[in-house]
Amino acid sequence: MTLDQFGALLVTIDPDVKHFDSMENGNFTVWQEYARIKAYADGRNQGGWKVQVERYTTDEDDAVATALESAFDASDEIAFHHELDYDAESGLIRHLFDCEVG
C-alpha cells in the first residue's frame, strides 16, 4: 500500500481528514508519515512507512475512531498500535494509531 492509497483509505472513513495539520475545533482527524521503514532488497529500500493517525473527539464512542480501527485491523498491509488518552484542558479524547504501511 502506498502513502497515496493509505490517504485515500482515510478519506473514505473521514472525508475531512487532514495531512499533517488541522485548524479544526471539536472532532477531527490528522495523519502524517514520520519515518521510512528500512527493508532493503536488490539494493533498494523496499520498506513502507511509519504513519501516525490521530483522531480527536469529544465522543466516548466515536464512529470515526471505530471505523479507523476496523479498517486497519482488516488490512493485510497495515500493522498498527492504538493508544487512547484524554486532555482535561481541551476536553478532547485522542485516539493515536501508530501504523506501519507497506
Side-chain angles (χ1 to χ4, degrees):
M1 175 177 287
T2 66
L3 281 179
D4 287 340
Q5 291 168 327
F6 184 77
L9 171 66
L10 296 178
V11 168
T12 65
I13 297 167
D14 182 356
D16 297 322
V17 66
K18 302 290 188 238
H19 190 211
F20 292 111
D21 197 11
S22 178
M23 301 303 286
E24 299 289 324
N25 290 319
N27 300 347
F28 64 94
T29 308
V30 295
W31 72 282
Q32 68 179 4
E33 65 276 11
Y34 66 92
R36 186 72 193 230
I37 299 169
K38 294 181 178 144
Y40 288 91
D42 296 327
R44 294 182 343 172
N45 189 355
Q46 304 288 324
W49 290 91
K50 292 185 179 188
V51 181
Q52 285 189 339
V53 179
E54 293 175 281
R55 173 66 182 172
Y56 293 90
T57 181
T58 57
D59 303 325
E60 284 187 42
D61 296 317
D62 186 68
V64 172
T66 300
L68 288 167
E69 185 167 21
S70 294
F72 298 158
D73 195 38
S75 175
D76 291 335
E77 297 181 273
I78 302 170
F80 74 99
H81 174 75
H82 179 202
E83 292 186 24
L84 183 67
D85 67 0
Y86 176 73
D87 181 355
E89 189 174 309
S90 69
L92 292 174
I93 300 166
R94 181 179 76 140
H95 293 266
L96 173 63
F97 298 93
D98 196 16
C99 305
E100 290 188 1
V101 179

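When a residue number appears, it is its place in the shown sequence, counting from 1. Keep in mind that what you see is a predicted model, and the values were worked out from it rather than measured.
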Distance, nearest 0.5 Å, that separates CD of Glu69 from CG of Asp62: 11.5 Å

Distance, nearest 0.5 Å, that separates CH2 of Trp49 from OH of Tyr34: 12.0 Å

Glu77 side chain vs Met1 backbone, donor-acceptor pair below 3.5 Å: yes

From Leu68 atom CG to Asp73 atom CG, the distance as rounded to the nearest 0.5 Å: 12.0 Å

Reported CH2-to-CG distance for the pair Trp31 and Asp21, which is rounded to 0.5 angstrom: 14.0 Å

Reported CD1-to-CZ distance for the pair Ile78 and Phe6, which is rounded to 0.5 angstrom: 5.0 Å

Donor + acceptor pair across side chains of Glu54, Tyr56 (<3.5 Å): yes

Common cluster, Leu96/Phe72, ILVMFWY with side-chain heavy-atom separation under 4.5 Å: no

Heavy atoms from other residues, nucleotides or ligands near CG of Asp61 exceed 12 (cutoff 6.0 Å): no

From Val30, Val64, Thr29, residue fulfilling side-chain contact (heavy atoms from CB on, under 4.5 Å) relative to Val17: Thr29

Cluster check Leu3, Phe80: I/L/V/M/F/W/Y, side chain < 4.5 angstrom: yes

hydrophobic_cluster_shared for Val101 and Ile37, side chain cutoff 4.5 Å: no

Separation of Arg94 CZ from Arg55 CZ (nearest 0.5 Å): 14.0 Å

